[in-house]
2 protein chains.
Amino acid sequence: MGTTKSDHFSVKQNQIANIAKAIGHPARVAILDYLTKVDSCICSDIVNELPLAQPTISQHLKELKTAGLIKGNIEGNAICYCIDEKAIEKIQAYFTKLAGAIANPKNTCC
Amino acid sequence: MGTTKSDHFSVKQNQIANIAKAIGHPARVAILDYLTKVDSCICSDIVNELPLAQPTISQHLKELKTAGLIKGNIEGNAICYCIDEKAIEKIQAYFTKLAGAIANPKNTCC
DNA sequence: ACTTTATATCGTAATATTGCAATATTAAAA
DNA sequence: TTTTAATATTGCAATATTACGATATAAAGT
């Protein structure tokens, strides 16, 4: 028990869940917000920007990267992180589908 | 430690994170998928549809409801669950914003 | 070579999540 | 009113997540 039964669900469902899970923490939302706001992605200015210790930020960045939401480029001894379009597009398409289903509701009970 | 420092982030960031977190499990994605697919929301047919025990489904439904992603209507001794537009719209708007930031990238490093 | 700067990894404590059996609740049906 | 059907709650074991200090790594500056 305690383990998510991911093998009982479709690949698509697991993909969406993984992306959503990565976004499912305020610190990671804050990182995404910061990356869209800032002109050059001055890497870990993020550490100075957020009220979390450097190892914690590093961990969150790793999770965002694993989920495909951001990508990093090595620049000298620093790393430049940017938002990656792939995962964003995938989950955006999912919500468009959901929103479409709401626009033409088949359910009449609620 | 181990507690999410939600008080260090904005209300908006916490809202987005909470919605995303609710979607961040394949069983809950499967429930949302099922609710958009089915004509009438025959409530917990979900229990028959998914490979999880009834208390587990009930728990997942509660989380989706708390996040505002679904709403339930009592119909006799059954409950009719449907997707709720509010949270979907909120998170969809968030992804549109992110996608827009990608379309006009300010970052040149990645 | 030594120091600084930027980032990652390890280890670990605190807490949260997942899943289910057992049990409770509530309303229809017999 | 007893039974059945649909759902919720409780309690608990297994596992996952969050956060951070300490430490490692790696490139740049001195």
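Letters go in sequence order (proteins before strands), and every chain restarts at 1.
- Counting to the nearest Å, the C1' atom of dA8(D) and the CD atom of Glu63(B) are 14 Å from each other.
- In this structure, Val38(B) and Asp45(B) have side chains that are not in contact, with every pair of non-hydrogen atoms separated by 4.5 Å or more.
- Going from atom OH of Tyr81(B) over to atom CD1 of Ile79(B) covers 4.5 Å, rounded to the nearest 0.5 Å.
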Under 3.5 Å, which donor-acceptor pairs link side chains of residues 10-27 of chain A to any protein atom two or more places apart or in another chain?
residue	atom	partner	partner atom	Å
Ser10(A)	OG	Gln13(A)	N	3.0
Ser10(A)	OG	Gln13(A)	OE1	3.4
Gln13(A)	OE1	Ser10(A)	N	3.1
Gln13(A)	NE2	Asp33(B)	OD2	3.1
Asn14(A)	ND2	Ser6(A)	O	2.9
Asn14(A)	ND2	Phe9(A)	O	3.4
Asn14(A)	ND2	Ser10(A)	O	3.0
Asn18(A)	ND2	Asn14(A)	O	3.2
His25(A)	ND1	Ala27(A)	N	3.0
His25(A)	NE2	Thr4(B)	OG1	3.4

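- With rounding to the nearest 0.5 angstrom, the OH atom of Tyr34(B) is 7.0 Å from the CD1 atom of Ile46(B).
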Between the protein and nucleotides 25-30 of chain D, are there any N/O to N/O pairs under 3.5 Å, and if so, what are the atom names and distances?
none

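- Residue Asp45(B) contributes atom CG, which lies 11 Å from atom C1' of dA6(D) at whole-angstrom precision.
- In this view, Asn73(B) and Cys110(A), Cys80(B) satisfy the side chain to side chain contact (heavy atoms under 4.5 Å, CB included) rule, not counting sequence neighbours.
- Note: CG (Asp7(B)) to C1' (dA19(D)) measures 13 Å, nearest angstrom.
- Listed by residue number, the members of residues 49-61 of chain B with any heavy atom below 4.0 angstrom from DNA chain D are Gln54(B), Pro55(B), Ser58(B).
- Contacts between residues 22-32 of chain B and DNA chain C, counted as heavy-atom distances below 4.0 Å, involve His25(B), Arg28(B).
- Residue pairs meeting the side-chain hydrogen bond (donor to acceptor under 3.5 Å, both in side chains) criterion with at least one member in residues 52-70 of chain B, sequence neighbours excluded: Arg28(B)-His60(B), Arg28(B)-Glu63(B).
- With sequence neighbours excluded, the residues satisfying side chain to side chain contact (heavy atoms under 4.5 Å, CB included) with Thr96(B) are Gln92(A).
- Scanning for ring pair (Phe, Tyr, Trp, His ring centres under 6.0 Å) contacts around Tyr94(A) gives an empty result, with sequence neighbours left out.
- Across the protein-nucleic acid pair, Ile79(B) atom CD1 and dT26(C) atom C1' stand 10 Å apart, rounded to whole Å.
- Within the structure, every side-chain polar atom (N or O) of Lys21(A) is placed at least 4.0 Å from both OP1 and OP2 of dA16(D).
- Among residues at least two apart or in separate chains, salt bridge (Lys or Arg N to Asp or Glu O under 4.0 Å) pairs with a member in residues 80-94 of chain B are Lys71(B)-Glu85(B), Asp84(B)-Lys86(B).
- Here the CD1 atom belonging to Ile31(B) is positioned 8.0 Å from the CG atom belonging to Leu52(B), to the nearest 0.5 angstrom.
- The phosphate of dA6(C) has neither OP1 nor OP2 within less than 4.0 Å of any side-chain N or O from Tyr81(A).
- Taking 4.5 Å as the limit, every side-chain heavy atom of Leu69(B) sits out of range of all side-chain heavy atoms of Ile83(B).
- Remark: C1' of dC10(C) and NZ of Lys62(A) are 10 Å apart, rounded to the nearest angstrom.
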